[in-house]
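The structure appears right after this line, and notes come after that.
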Protein chains: 2
Amino acid sequence: MTRLTRRQREIFNFLRDNHHSFTRPPSLDELCRALGMASRGSLYRQIMALIAAGLVEPFTCHKHGGIRLTGQAQGPDAIGEQGLPFIGKIAAGKPIEALENVNYMAVPDVLKTDKSCYVLQVKGDSMIEAGIFDGDWVVIEQRDYASNGEIVVALIENSEATLKYIEQTPGQILLLPANAGMTALSYCPEQVEIQGVLVGQMRSYRSHHPL
Amino acid sequence: MTRLTRRQREIFNFLRDNHHSFTRPPSLDELCRALGMASRGSLYRQIMALIAAGLVEPFTCHKHGGIRLTGQAQGPDAIGEQGLPFIGKIAAGKPIEALENVNYMAVPDVLKTDKSCYVLQVKGDSMIEAGIFDGDWVVIEQRDYASNGEIVVALIENSEATLKYIEQTPGQILLLPANAGMTALSYCPEQVEIQGVLVGQMRSYRSHHPL
DNA sequence: TCCCCTTGTTCTCATTTTGTTCTTATTTTG
DNA sequence: CAAAATAAGAACAAAATGAGAACAAGGGGA
């Protein structure tokens with residue numbers, strides 16, 4: 001593979017950085033305009049050089065193909081994020097039930113933060129009045145502190161985990177369920193370890209009505 | 001499978017982003033108007049290409065056909081975007097408030113189906129007892145029928161859209177809110193058009209400031 | 001029943017777009 | 001200065017596209 005000329009590198013960089021802003025795949029005319037060139041034929045020759053270098057897919061369909069980067073050329077931007085790790089299930093009164101194989105869920109950006117997040121599945125109805133139902137998934141930001149009123153994953157006495165509203169006063173931590181049938185629990189700070197804070201919640205209605 | 005032509009991709013994207021705003025599966029004539037085309041025959045040829053590519057379901061019954069996307073159509077394919085289109089907001093009593101720029105949200109597989117899906121944001125509290133709050137996002141499978149007990153996006157009198165439980169009996173359709181302060185509404189089948197069925201729901205707890 | 005309208009379907013024809021090639025002039029580079 | 005790189009622009013063929021006519025099947029209404 002012959003070495004790229006300066007202009008070829010320049011055009012390739014432009015392609016790599018801007019290919020998403022064109023009506024996919026861009027045509028030669030379109031790129032000419034974007035690059036400020038007036039001649040389609042000239043651009044064509046440059047593109048052919050990139051094809052020879054293996055950076056751009058050849059025009060397969062002969063006509064109206066458009067310009068596509070080759071797999072080897074795509075930057076890290078093309079590699080989709082793999083999502084958040086789905087860790088296990090959380091049920092009030094038990095330790096978090098970890099999965100043997102962690103797998104990853106795609107999660108919309110609005111449901112997570114820029115901090116470290118993970119996903120748990122909720123077991124039980126202790127937060128039902130907060131709109132968090134049995135079987136829902138929750139996105140948790142990993143953190144060891146919380147503000148009053150936030151919903152937290154708390155580890156009690158190093159043994160049981162739970163998802164509850166938190167209210168902290170000096171010397172006392174209240175963990176409040178959102179379920180009229182359940183009672184709040186009071187602990188001293190040493191008994192409770194905050195493991196994370198709720199930042200997102202998801203529910204599937206699919207299983208209710210299989211095809 | 002041959003590669004899509006530029007215009008074919010353009011038309012497909014239009015379909016993918018706007019299928020929610022048509023009465024049922026749109027007919028060729030309807031799409032022509034929406035796309036600014038004058039010839040049904042020309043559009044037909046393009047759609048056939050999309051069918052050949054597996055992106056659109058073939059016209060099944062010769063009549064009453066209409067254009068539907070296949071499940072594969074929203075795969076990471078879509079050539080570029082991944083995730084589901086975020087279409088707009090739905091508030092009981094109003095038409096769906098469409099966004100000018102459709103954008104895409106990564107959505108976990110469990111919250112969607114292999115059919116054509118899209119995302120709406122809920123405005124209002126009519127489904128609050130079903131755990132769907134103001135500001136939540138819902139994943140909707142595009143479909144023009146539903147089973148009793150499902151939560152549907154229904155278009156009433158061709159003007160207002162709403163998200164409600166549905167109960168269908170011969171000659172009557174009930175749309176039930178999940179809010180003790182609201183009353184169920186009864187319609188004849190001709191007044192109600194089902195546009196989709198709820199398959200997933202999402203909520204963000206991040207401090208309520210948009211981007 | 002008949003009539004009219006809509007729907008998908010098929011074809012033809014003219015126009016536009018796109019890749020492709022070549023010649024020529026200009027700029028860059030060693 | 002000479003060679004290479006680059007750009008402009010003309011010209012061309014094939015592909016893509018759109019318009020429009022025409023047709024058959026079905027639905028709905030009078």
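A, B, ... follow the sequence lines: proteins, then strands. Residue 1 opens every chain.
- Once rounded to the nearest 0.5 Å, the distance linking CG of B:Leu176 with CD1 of B:Ile151 reads 10.5 Å.
- Contact annotation: A:Tyr44 side-chain N/O to C:dG19 OP1/OP2 distance is not under 4.0 Å.
- Here the P atom of nucleotide D:dA7 and the CG atom of A:Leu35 are 9 Å apart, to the nearest Å.
- Between A:Asp29 and A:Gly41, the residue whose closest nucleotide on DNA chain C is further toward the 5' end is A:Asp29.
- Contact annotation: A:Gln8 side-chain N/O to D:dA5 OP1/OP2 distance is not under 4.0 Å.
- One can find a donor-acceptor pair under 3.5 Å joining the base of D:dA8 and the side-chain atoms of A:Ser39.
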Donor-acceptor pairs under 3.5 angstrom involving side-chain atoms of residues 128-140 of chain B: please list them, not counting sequence neighbours.
from, atom 1, to, atom 2, distance (Å)
B:Glu129, OE2, B:Ala180, N, 2.7
B:Asp134, OD1, B:Gly124, N, 2.6
B:Asp136, OD1, B:Arg203, NE, 3.0
B:Asp136, OD2, B:Phe133, N, 2.9
B:Asp136, OD2, B:Arg203, NE, 3.2
B:Asp136, OD2, B:Arg203, NH2, 3.2

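- Residue A:Ser27 has a polar side-chain atom (N or O) positioned under 4.0 Å from OP1 or OP2 of C:dT18.
- Closest approach to the B:Met37 side chain among C:dT18, D:dA7, D:dA19 is made by D:dA19 (side chain taken as heavy atoms from C-beta onward).
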Begin from the C-alpha positions of A:Thr113 and B:Arg206 and carry the test side-chain hydrogen bond (donor to acceptor under 3.5 Å, both in side chains) through to its verdict. CA-CA 8 Å; A:Thr113 66; B:Arg206 284 193 329 195; over 6 Å; no
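- Dashed line: the shortest gap from a side-chain N or O of B:Gln46 to OP1 or OP2 of D:dA16 is not under 4.0 Å.
- OP1 or OP2 of D:dA7 lies within a sub-4.0 Å distance of a side-chain N or O belonging to A:Arg7.
- For the pair B:Arg40 and B:Tyr44, the cation-pi test (distance below 6.0 Å, angle within 45°) is failed.
- For A:Val110 against B:Ser204, the heavy-atom pair with the smallest separation is O-OG, 2.8 Å.
- Note on the helix from C:dT1-D:dA30 to C:dG30-D:dC1: angle between the axes of the first and last five pairs equals 30°, rounded to 10 degrees.
- The distance between atom CZ of B:Arg6 and atom C1' of D:dG18, rounded to the nearest whole Å, is 16 Å.
- B:Met48 places its CE atom 16 Å from the P atom of D:dT17, with the value rounded to the nearest Å.
- Atom CG of A:Leu163 is separated from atom NZ of A:Lys123 by 13.5 Å, given to the nearest 0.5 angstrom.
- Between the CD atom of A:Glu30 and the C1' atom of C:dT17 there is a distance of 12 Å, given to the nearest Å.
- Rounded to whole Å, the distance from CG on A:Leu28 to C1' on C:dT17 is 11 Å.
- Residue-to-nucleotide contacts include a donor-acceptor pair under 3.5 Å from the side chain of B:Arg45 to the base of D:dG18.
- At least one donor-acceptor pair closer than 3.5 Å links the side chain of A:Ser39 to the backbone N or O of A:Ser42.
- Sorted by first then second residue, the side-chain hydrogen bond (donor to acceptor under 3.5 Å, both in side chains) pairs that include residues 163-183 of chain B, not counting sequence neighbours, are B:Asn148-B:Gln168, B:Thr162-B:Lys164, B:Gln172-B:Ser186.
- Contact annotation: side chain of B:Arg40 to base of D:dG20, donor-acceptor pair absent below 3.5 Å.
- In this entry the distance linking CZ of B:Arg9 with P of D:dT17 reads 12 Å, nearest Å.
- A:Leu31 places its CG atom 13 Å from the C1' atom of C:dG19, with the value rounded to the nearest Å.
- A donor N or O paired with an acceptor N or O is not found under 3.5 Å between the base of D:dA16 and the side-chain atoms of B:Thr5.
- As a whole-Å value, the separation of A:Ile47 CD1 from C:dT18 P is 14 Å.
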